[in-house]
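A short write-up of the structure that comes next.
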Amino acid sequence: MSWIREGELSLLERLSANILKAGPMPKHVAFIMDGNRRYARKKHVERQKGHTQGFDKLAEALRWCLNLGIHEVTVYAFSIENFKRSKEEVNGLMELAKEKFLRLLDEQENLEKHGVCIRVLGDLTLLPEDLQHVIAKAVVSTRAHTKCFLNVCFAYTSRYEITNAVREMAWGVEQGLIKSSDVSEALLSQCLYTSNSPNPDLLIRTSGEVRLSDFLLWQTSHSCIVFQSILWPEYSFWNLCEAVLQYQLNYRSIQKARELHKEAETAQQLESDRSCVAELLRQGRNGKPVDAHSRHSALLSYTAGREERVSRFLSALQQKRDNFFEQMSSLTA
Ligand code: FPP
Ligand code: MG
């Protein structure tokens, strides 16, 4: 099974998709693909078969998303917590991933045709070396594609990602690229593995579990979260439509919450810049009063300086990440 299943929607599915598309559509959908082992038990097949069928369902779901005009999908394929599973199961999942990423390398034409960019989010160094190389090759080979994006969270948890983002900012301060006062909520967001994506509009978890299990905790505070009882390998086009409908029913309140958050973030940044400028003026003028015009000019120039520092730091961070993938991909698997 390839990464995007070929095939068109049936007439009824196409009709329903068009009705759905008359409403606001999510641009970015995230999936917690849960229930593979329960599916295997239910069907009296081996556990590994449940995961293989889980992958096949992902390929099918990607096709539905494209048909619905959803151009970005993020999936939880392997949590760092999953390393606690039996050695046999972990090895099976690593083998499956290796097989699928190798397959992806053979599918360049199809991925190019659809313009699919595949990103892998997580700490690759936790994975077996051969898999790291194959993943890096796949990521590098699709990174120029810009029509649709598949983010595969592999060796990922949200807490690990947030901790890593904090470390990256500490590195930036250590390197003299940013000041500790530049650390902000917005900057932390830009240091996450997901920095190149907008936040998901809709997060779907299958299998009836009603937890986020350390997935995209930072990114989904203003997303529509839908829990569905179906096991992932049994997921259908209609289940996806139902989740999109839930998103549409909650669209206004989600947008409102996002706008309020954006305003609060802007206000926080302005307040932080103002207090840095006040401190600088206090130091520079030995406590002598400063007129409103000079204060305003100082604020403008401080803000421009901060934005430049932050932008240089983010470029350095992106370069560091690109270099990692570049080096990994140049090694033979
Ligand atoms: C959760 O079901 C699923 C996983 C831990 C693995 C998900 C992986 C895939 C669907 C394959 C994707 C592979 C690539 C390369 C993208 P579970 O094992 O927790 O099942 P359960 O909830 O029934 O116990
Ligand atoms: Mg599970």
Side-chain angles (χ1 to χ4, degrees), residues 1-5 29-65 72-107 111 116-122 124 126-128 130-139 141-142 148-158 193 203-216 227-235 239-240 333:
M1 167 75 69
S2 68
W3 279 72
I4 298 180
R5 190 167 171 173
V29 176
F31 290 99
I32 302 180
M33 311 177 286
D34 198 19
N36 292 353
R37 297 185 296 186
R38 273 167 280 171
Y39 172 82
R41 273 199 298 277
K42 186 172 148 186
K43 297 285 174 188
H44 307 289
V45 294
E46 293 206 350
R47 199 171 41 206
Q48 182 67 7
K49 177 102 176 134
H51 291 312
T52 313
Q53 301 243 359
F55 178 85
D56 294 349
K57 186 55 69 177
L58 168 60
E60 220 178 333
L62 290 175
R63 152 66 52 204
W64 299 330
C65 286
E72 181 140 12
V73 171
T74 300
V75 294
Y76 207 1
F78 191 84
S79 157
I80 292 171
E81 292 294 310
N82 291 153
F83 280 116
K84 294 182 187 148
R85 294 188 178 188
S86 73
K87 200 163 174 269
E88 185 201 353
E89 185 177 356
V90 172
N91 288 345
L93 282 165
M94 296 298 144
E95 276 310 309
L96 178 64
K98 189 173 169 191
E99 178 200 324
K100 297 302 178 187
F101 279 103
L102 277 172
R103 171 93 201 236
L104 188 147
L105 289 170
D106 285 339
E107 270 184 31
L111 294 169
V116 188
C117 168
I118 309 239
R119 304 186 185 115
V120 177
L121 314 181
L124 292 198
L126 301 176
L127 301 172
D130 56 344
L131 181 55
Q132 289 184 39
H133 300 156
V134 176
I135 287 181
K137 274 191 170 58
V139 168
S141 72
T142 66
C148 44
F149 300 89
L150 171 62
N151 307 308
V152 181
C153 295
F154 208 96
Y156 173 94
T157 63
S158 200
Y193 299 134
L203 166 64
I204 297 168
R205 180 173 190 156
T206 58
S207 92
E209 301 293 342
V210 288
R211 299 171 273 122
L212 291 181
S213 299
D214 219 341
F215 184 55
L216 302 180
F227 297 102
Q228 296 179 299
S229 56
I230 187 99
L231 302 174
W232 174 250
E234 294 179 327
Y235 203 69
N239 294 128
L240 180 58

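Order of listing sets the numbers, starting from 1, for every ligand and every atom in it.
- A salt bridge does not link Arg63 to Glu60: none of the charged side-chain nitrogens sits closer than 4.0 Å to a carboxylate oxygen.
- Of the charged side-chain nitrogens involved, none lies within less than 4.0 Å of a carboxylate oxygen, so that Glu46 and Arg41 do not count as a salt-bridged pair.
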Test ring-ring contact (aromatic ring centres under 6.0 Å, His included) on Phe154 and Tyr76; report intermediate values, then the result. CA-CA 7 Å; Phe154 208 96; Tyr76 207 1; over 10 Å; no
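- Contacts of Ser229 classified as side-chain hydrogen bond (donor to acceptor under 3.5 Å, both in side chains), with partners at least two apart in sequence or in another chain: none.
- Using cut-offs of 30° and 60° for the angle between ring planes, the Trp64 and Tyr235 rings count as tilted.
- One side chain, Ser213 or Arg205, offers a donor N or O that lies under 3.5 Å from an acceptor on the other.
- A salt bridge does not link Glu99 to Arg103: none of the charged nitrogens lies less than 4.0 Å from a carboxylate oxygen.
- Within the protein, the N, O or S atoms sitting under 2.8 Å from the Mg ion (ligand 2) are Asp34 OD1.
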Ligand 1 polar-atom proximity to protein (N/O, under 3.5 Å):
| residue | atom | partner | partner atom | Å |
| --- | --- | --- | --- | --- |
| ligand 1 | 2 (O) | Asp34 | OD1 | 3.3 |
| ligand 1 | 2 (O) | Gly35 | N | 3.3 |
| ligand 1 | 2 (O) | Asn36 | N | 3.3 |
| ligand 1 | 18 (O) | Arg37 | NE | 3.4 |
| ligand 1 | 18 (O) | Arg85 | NH1 | 2.7 |
| ligand 1 | 19 (O) | Asp34 | OD1 | 3.0 |
| ligand 1 | 19 (O) | Arg85 | NH2 | 2.8 |
| ligand 1 | 20 (O) | Asn36 | N | 3.2 |
| ligand 1 | 20 (O) | Arg37 | N | 3.0 |
| ligand 1 | 22 (O) | Asp34 | OD1 | 2.7 |
| ligand 1 | 22 (O) | Gly35 | N | 3.4 |
| ligand 1 | 22 (O) | Arg38 | NH2 | 2.7 |
| ligand 1 | 23 (O) | Arg37 | N | 3.3 |
| ligand 1 | 23 (O) | Arg38 | N | 2.8 |
| ligand 1 | 23 (O) | Arg38 | NE | 3.0 |
| ligand 1 | 24 (O) | Arg37 | NE | 2.8 |
| ligand 1 | 24 (O) | Arg37 | NH2 | 3.2 |

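- The residues Lys98 and Glu95 are annotated as not salt-bridged, no charged nitrogen and carboxylate oxygen being separated by less than 4.0 angstrom.
- Contacts of Glu89 classified as side-chain contact (heavy atoms from CB on, under 4.5 Å), with partners at least two apart in sequence or in another chain: Arg37, Arg47, His51, Arg85, Ser86, Leu93.
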